[in-house]
Amino acid sequence: GNFRLLTFQPQAFINRDFYAEWPISVSLEASYHELALFFDRLSRFSRIINVDALSITGDQRKSSEYTINTTFTMKTFIYGSMKTEGAR
């Protein structure tokens with residue numbers, strides 16, 4: 001899409017009863033329309049991906065082609081528990 005991906009930072013797995021959550025921090029610049037298209041594309045993945053902690057602010061730069069700055073956490077889920085790096 002027509003957006004600028006600023007951050008795509010996978011976080012540590014969070015173990016739950018029989019599955020693990022995998023949060024990924026994302027920040028990007030876009031227009032409202034492009035953000036909606038991005039979320040629409042996420043909804044079409046075969047894997048469940050939830051969006052959490054969504055924050056949208058207006059882009060104040062006059063020369064920018066983007067109108068908003070947004071941050072959110074994407075969460076996907078993995079069956080079974082996962083080990084984090086360094087864990088034994």
Side-chain angles (χ1 to χ4, degrees):
N2 185 20
F3 60 86
R4 184 179 324 180
L5 183 63
L6 302 173
T7 305
F8 185 90
Q9 187 173 23
Q11 305 295 314
F13 293 101
I14 301 169
N15 289 316
R16 302 293 184 199
D17 292 332
F18 59 91
Y19 66 94
E21 288 181 6
W22 186 20
I24 302 168
S25 297
V26 178
S27 64
L28 53 88
E29 297 173 336
S31 68
Y32 282 106
H33 180 74
E34 289 296 329
L35 181 62
L37 290 174
F38 178 82
F39 289 150
D40 180 61
R41 288 183 199 113
L42 278 182
S43 74
R44 297 175 193 275
F45 276 88
S46 60
R47 176 177 292 278
I48 295 172
I49 301 173
N50 289 343
V51 173
D52 192 28
L54 175 65
S55 173
I56 301 173
T57 58
D59 191 331
Q60 303 302 318
R61 296 174 298 176
K62 301 271 188 221
S63 62
S64 178
E65 65 182 288
Y66 308 109
T67 56
I68 60 170
N69 299 313
T70 183
T71 60
F72 54 92
T73 302
M74 296 187 323
K75 289 184 183 177
T76 191
F77 307 92
I78 300 165
Y79 181 71
S81 60
M82 301 298 293
K83 292 182 180 176
T84 56
E85 281 186 34
R88 294 180 184 217

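Scope of the values below: all heavy atoms of this structure, side chains included, with no hydrogens, waters or symmetry mates. This structure is a prediction, so every number in the text was calculated from the model and none was measured.
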How many angstroms lie between [atom1] in [X] and [atom2] in [Y], if you round to the nearest 0.5 Å?
X   : Y   : atom1 : atom2 : result
N15 : E21 : CG    : CD    : 10.0 Å
I78 : R47 : CD1   : CZ    : 5.5 Å
I24 : T73 : CD1   : OG1   : 9.5 Å
S31 : D59 : OG    : CG    : 11.5 Å
K75 : I49 : NZ    : CD1   : 13.5 Å

Extract all donor-acceptor atom pairs below 3.5 Å that involve side chains of residues 2-14 and protein atoms in other chains or at least two apart in sequence.
unit_1	atom_1	unit_2	atom_2	d
R4	NE	E29	OE1	3.3
T7	OG1	S27	OG	2.8
Q11	NE2	Q9	O	3.0
Q11	NE2	S25	OG	3.3

Which class fits the ring pair F38 and F72: parallel under 30°, tilted 30 to 60°, perpendicular over 60°?
-> tilted

Might you confirm whether atom CZ of R44 has over 12 heavy atoms from other residues, nucleotides or ligands at distances under 6.0 Å?
-> no

Single-linkage hydrophobic cluster, 4.5 Å side-chain cutoff, L37 and M74 together | no

Just wondering, do Y66 and L28 contact through their side chains at under 4.5 Å, heavy atoms?
-> no

Would you say F39 and L54 make side-chain contact, with heavy atoms under 4.5 Å?
-> yes

Closest non-hydrogen atom pair between A30 and L35, with its separation | CB-N, 4.3 Å

